[in-house]
Amino acid sequence: MIFILNFYDLYHEIILLNNKSLQLNLSEMFIQQIYTGCLAQASYYIESNGEVAVIDPIRETEPYLKLAESRNASIKYIFETHFHADFVSGHLDLAEQTHASIVFGPQAKPSYKATIAAHNQLFKLGNCTIKLLHTPGHTIESSCLLLIDENGNDYAVFTGDTLFVGDVGRPDLMSGSLDKSALASHLFDSINNEILPLKDEVIVYPGHGAGSACGKNLGLEKYSTIGEQKKLNYALQPMSRQSFIEAVTSNLNTPPAYFFKDAGINKSGYDNLQTVLRNNCIALSLKDFQASISKGAIIIDTREARIFSDGFVPGSINIGLKGNFAPWVGALIDMNKEIVFIAEQGMETEVVTRLARIGYENVKGFLGGGFSTWLASGMNFDTIKNVEAEDFYFYYESKEYLPVDFRSYNESKKVHLQHEINIPLEGLFNHIVEFDKDRTYLLFCKGGYRSMIAASILKAKGFNLLINIEGGIDKIKECSPELVFTLN
C-alpha cells in the first residue's frame with residue numbers, strides 16, 4: 001500500500017490512500033481520506049470510473065468539489081454514517097451544489113430529502129459497489145459502508161463511529177428513549193454480526209482518530225485492518241454481552257453539551273456556510289467591539305498562548321487556533337452566547353469557519369486590526385506570567401505555590417507530580433469555587449495549550465496569582481525528572 005502525505009491548507013491534513021498495489025489502475029478505484037486535525041475527523045472521497053461517493057463530509061465542500069473537478073469526476077452519493085454529534089456535516093451544501101443523493105442507514109429520520117437505505121442495500125459506483133451495513137450502537141441509525149471492488153472482493157469498510165482504531169463509538173451520545181446500556185447492547189450485536197465476520201485483510205477507515213471525544217481511547221493510526229483490530233481492539237475480544245456493555249460504558253467522560261445540539265442540527269438542517277460567513281465574519285470597530293462586550297458577548301482570543309499571555313483584552317478566553325480550537329470552544333463556551341473574537345490578521349475567516357464546523361454561528365464579529373487596535377487606543381490590558389520548565393523546580397520546591405494539572409484524569413494518573421491537583425479542563429467551571437484568590441497557582445497540562453485556556457478563564461474570574469508553565473509536564477519531565485512520577 002502506498003501513502004502520500006500532502007496538505008489541503010493549514011488546517012486540513014489530507015492522506016492519499018492508494019490501493020494495495022500499483023497493479024490496480026487508479027482510474028478504476030481511487031480512495032482519499034481527508035483528515036481534519038482540529039476535529040480529529042476523517043471524511044472520504046471514493047471514485048470509480050468517474051463516479052464519486054463522499055462519506056461524512058466536513059462543513060466546507062471545497063475539498064470534495066476541487067478533487068472531483070481535478071479528476072473529471074462527478075459526485076453521485078453523499079453517505080452519512082449517522083447524525084454526527086461533534087461537528088456539523090457538509091452533506092446538505094454538497095448535495096445542493098452537486099445534486100448528489102444523501103444516503104442514511106435504517107432508522108434515520110432527517111427533516112430533509114434523503115435516501116434511507118435498507119440493511120445490506122447495494123449502491124453501484126462505477127465498477128465498484130458500496131454495501132450499507134446497519135450497525136446501531138453508537139447511535140440507532142449508525143451504519144458502516146463496505147466497499148466491494150470490481151472483482152467482487154471486500155476491499156475496505158468505512159466504519160464511521162461504529163469502529164475506531166483501538167476503540168468503538170461511545171453509546172451515550174444519543175438523546176432519546178435508548179440509554180447507553182441499551183445502545184451498547186445493540187453495538188455488541190453490530191460488532192459480532194457485521195464487523196467480526198469480515199475478512200482480516202479488509203481495510204478499516206474510521207470516522208475519527210486520536211483526540212476525538214466520540215470514543216474513550218482512540219489509537220494514533222488513521223486506518224487499520226479488521227485483522228489488526230481483532231488482535232488489538234479491546235472491544236473486539238471474545239466476551240459476553242454484559243461484559244461488553246460494562247467495558248464500553250465505563251470511564252466515559254461527560255460529553256460536551258454542544259454534541260447533542262450538533263446532532264440535532266445535522267438532523268434538521270442548517271444555513272449555507274457562505275451565509276454564515278457573511279453574517280459572522282465582520283470587522284468591528286473598537287466602539288462596536290466594546291458595545292458587544294458590554295451586552296454580554298464572550299471574547300475569544302485565538303492567538304497562540306505565549307503571544308496572548310504578553311497582553312490581552314481583560315476578560316478574554318484564550319483558545320488558540322493552532323490547536324484543538326473547535327472542540328475546546330464546544331466544551332467550554334455556551335452555544336447560545338454571543339461571541340466576539342480576536343485573531344491574527346488574515347485568519348478571521350478561518351476562525352468563523354471552524355466555529356461553524358461545530359454549529360457556533362452566533363458570532364458578532366472580530367476586532368478590526370486585532371489586539372493592536374486595542375493597544376493603540378490606550379486601553380488597559382491584562383497579562384499572565386509564564387515561566388520556563390527549567391525554573392519550575394524552584395517554584396515547586398518552595399511549597400508556596402500549588403500545582404494544578406488540567407489534563408484528563410487518565411493522563412494525570414499515568415504521569416503526574418506528587419502534590420498536584422488534577423482538574424480536567426472541561427470541568428474547570430465546576431471547580432472554580434475551590435480556588436483561593438490569595439493563593440498562587442502553578443498551572444500546567446501536557447504542553448501548555450490547555451493550561452493557558454484555564455489561566456485565561458481564571459483570570460477572567462478575578463484570580464490574579466497565576467503562573468503558567470511553558471511546555472507543560474512534558475518539559476517538566478525533561479528538565480526535572482525527579483519531580484515526575486510515572487505509572488508503570
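This one's a predicted model, so the numbers in the text were calculated from it and none came from an experiment.
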Within a strict 4.5 Å, meaning less than it, do heavy atoms of the Leu321 and Arg354 side chains meet? yes
Validation row: Cys479, Tyr393 side chains within 4.5 angstrom (heavy atoms): no
Just checking Phe429: does its CZ atom have more than 12 heavy atoms from other residues, nucleotides or ligands closer to it than 6.0 angstrom? yes
Does anything in residues 239-255 form a salt bridge (charged side-chain N to carboxylate O under 4.0 Å, His left out)? List the pairs, not counting sequence neighbours. Asp189-Arg241
Side chain to side chain contact (heavy atoms under 4.5 Å, CB included) filter on Phe244, not counting sequence neighbours, yields Leu187, Phe188, Ile191, Ala235, Met239, Val248
To the nearest 0.5 Å, tell me how far Phe158 CZ sits from Asp56 CG. 10.5 Å
To the nearest 0.5 Å, atom SG of Cys281 lies from atom CZ of Phe341 at 5.5 Å
Check: Ser89 and Phe87 side chains under 4.5 Å, non-hydrogen atoms: yes
Find out whether Thr162 and Thr81 are in side-chain contact, i.e. whether some heavy atom of one side chain is under 4.5 Å from a heavy atom of the other. no
Separation of Asp310 CG from Asp382 CG (nearest 0.5 Å): 13.0 Å
For a 4.5 angstrom cut-off between non-hydrogen side-chain atoms, does Leu483 reach Tyr396? yes
Specify the closest pair of heavy atoms between Ile384 and Phe308, including all atoms of both residues, with the distance to one decimal. CD1-CE2, 4.1 Å
So, for Ser292 and Lys364, which heavy atoms are closest and what is the spacing to 0.1 Å? OG-CB, 4.1 Å
Check: Lys180 main-chain N/O paired with Asp172 side-chain donor or acceptor under 3.5 Å: no
So if I apply the side chain to side chain contact (heavy atoms under 4.5 Å, CB included) rule between Val329 and each of Asn324, Ile453, Val351, Ile319, which one comes out positive? Ile319
Between Arg306 and Glu470, is the closest basic N to carboxylate O distance under 4.0 Å? yes
For the pair Phe406 and Phe444, evaluate ring pair (Phe, Tyr, Trp, His ring centres under 6.0 Å) and give the outcome as yes or no after the intermediate values. CA-CA 6 Å; Phe406 292 99; Phe444 69 94; 8.1 Å; no
Do other residues, nucleotides or ligands put more than 12 heavy atoms under 6.0 Å from Gln345 CD? no
Using a strict threshold of under 4.0 Å (side-chain N to carboxylate O), is an ion pair present between Glu60 and Arg357? yes
Heavy atoms only: give me the nearest Thr249-Ala184 pair and the separation to one decimal. CG2-CB, 3.9 Å
Quick one: do Lys230 and Asp200 make a salt bridge, cutoff under 4.0 Å? yes
Tyr401 ring center near Tyr441 ring center (under 6.0 Å): no
Look at the side chain of Arg407 and the backbone N and O of Asn422, then say whether any donor-acceptor pair between them is shorter than 3.5 Å. no
Heavy atoms from other residues, nucleotides or ligands near NZ of Lys459 exceed 12 (cutoff 6.0 Å): yes
Whether His186 side chain and Pro136 backbone form a donor-acceptor pair below 3.5 Å: no
Heavy-atom donor-acceptor pair, Asn280 side chain to Glu361 backbone, under 3.5 Å: yes
Can you tell me if Thr225 uses its side chain to pair, donor with acceptor, with the backbone of Glu228 under 3.5 Å? yes
With the threshold set at 4.0 Å, does a side-chain nitrogen-carboxylate oxygen contact exist between Glu420 and Lys413? no
Do NZ/NE/NH1/NH2 and the carboxylate oxygens of Arg450 and Glu411 come within less than 4.0 Å? yes
I'd like to know if the side chain of Tyr64 reaches the main chain of Ile58, judged simply by a donor and an acceptor atom lying under 3.5 Å from each other, with no hydrogens or angles considered. yes
Do any N or O atoms from the side chain of Ser398 and from the backbone of Glu400 form a donor-acceptor pair under 3.5 angstrom? yes
Check the pair Asn318, Phe312 against side chain to side chain contact (heavy atoms under 4.5 Å, CB included), reporting the backbone distance first and the verdict last. CA-CA 9 Å; Asn318 175 231; Phe312 55 91; over 6 Å; no
Rounded distance [0.5 Å steps], CD1 in Ile46 versus CG in Leu145: 7.0 Å
Step-by-step side chain to side chain contact (heavy atoms under 4.5 Å, CB included) determination, Asn266 to Val88: CA-CA 6 Å; Asn266 283 316; Val88 176; 3.9 Å; yes
Count the heavy atoms of every other residue, nucleotide or ligand shown that sit under 6.0 Å from NZ of Lys446, and state whether that count exceeds 12. no
Does some side-chain heavy atom of Tyr45 sit less than 4.5 Å from a side-chain heavy atom of Ile55? no
Looking only at heavy atoms, the pair that brings Ser456 and Ile317 closest together is OG-CA, 3.5 Å
Side chains of Phe325 and Ile300: does their closest heavy-atom pair fall under 4.5 Å? yes
Would you kindly say whether Asp405 and His416 are connected by a side-chain donor-acceptor distance under 3.5 Å? no
Under 3.5 Å, side chain of Tyr258 to main-chain N/O of Asp86, donor-acceptor pair present? yes
Centroid separation under 6.0 Å, is that true for the rings of Phe104 and Phe83? yes
Ignoring hydrogens and geometry, is there a side-chain-to-backbone donor-acceptor pair from Ser412 to Tyr409 under 3.5 Å? no
Are side-chain N/O atoms of Thr135 and Glu194 paired as donor and acceptor at under 3.5 Å? no
Under a 4.5 Å cut-off applied to non-hydrogen side-chain atoms, are Tyr360 and Ile333 in contact? yes
Minimum heavy-atom distance Val157-Cys144, with the two atoms named: CG2-CB, 4.0 Å
Can you give me the closest heavy-atom contact between Gly215 and Arg170, atom names plus distance? N-CD, 4.2 Å
Determine whether more than 12 heavy atoms belonging to other residues, nucleotides or ligands lie under 6.0 Å from atom NZ of Lys399. yes
Do NZ/NE/NH1/NH2 and the carboxylate oxygens of Lys216 and Asp167 come within less than 4.0 Å? no
Nearest-0.5 Å distance that lies between atom OG1 in Thr353 and atom CD in Glu62: 10.0 Å
Within the side chain of Arg303, is there an N or O that forms a donor-acceptor pair under 3.5 Å with the backbone of Ser309? no
Output, in order, the C-alpha distance, side-chain angles, deciding distance and verdict of side chain to side chain contact (heavy atoms under 4.5 Å, CB included) for Thr302 and Met347. CA-CA 9 Å; Thr302 66; Met347 300 309 298; 5.9 Å; no
Taking atom types as modelled and ignoring hydrogens, do the side chains of Thr139 and Glu141 form a donor-acceptor contact shorter than 3.5 angstrom? yes
Begin from the C-alpha positions of Lys477 and Thr486 and carry the test side chain to side chain contact (heavy atoms under 4.5 Å, CB included) through to its verdict. CA-CA 10 Å; Lys477 185 177 181 181; Thr486 302; 3.9 Å; yes
Would you please say whether a donor-acceptor pair under 3.5 Å links the side chains of Asn468 and Ser451? yes
Straight-line distance of Asp436 CG to Leu402 CG, nearest 0.5 Å: 10.0 Å
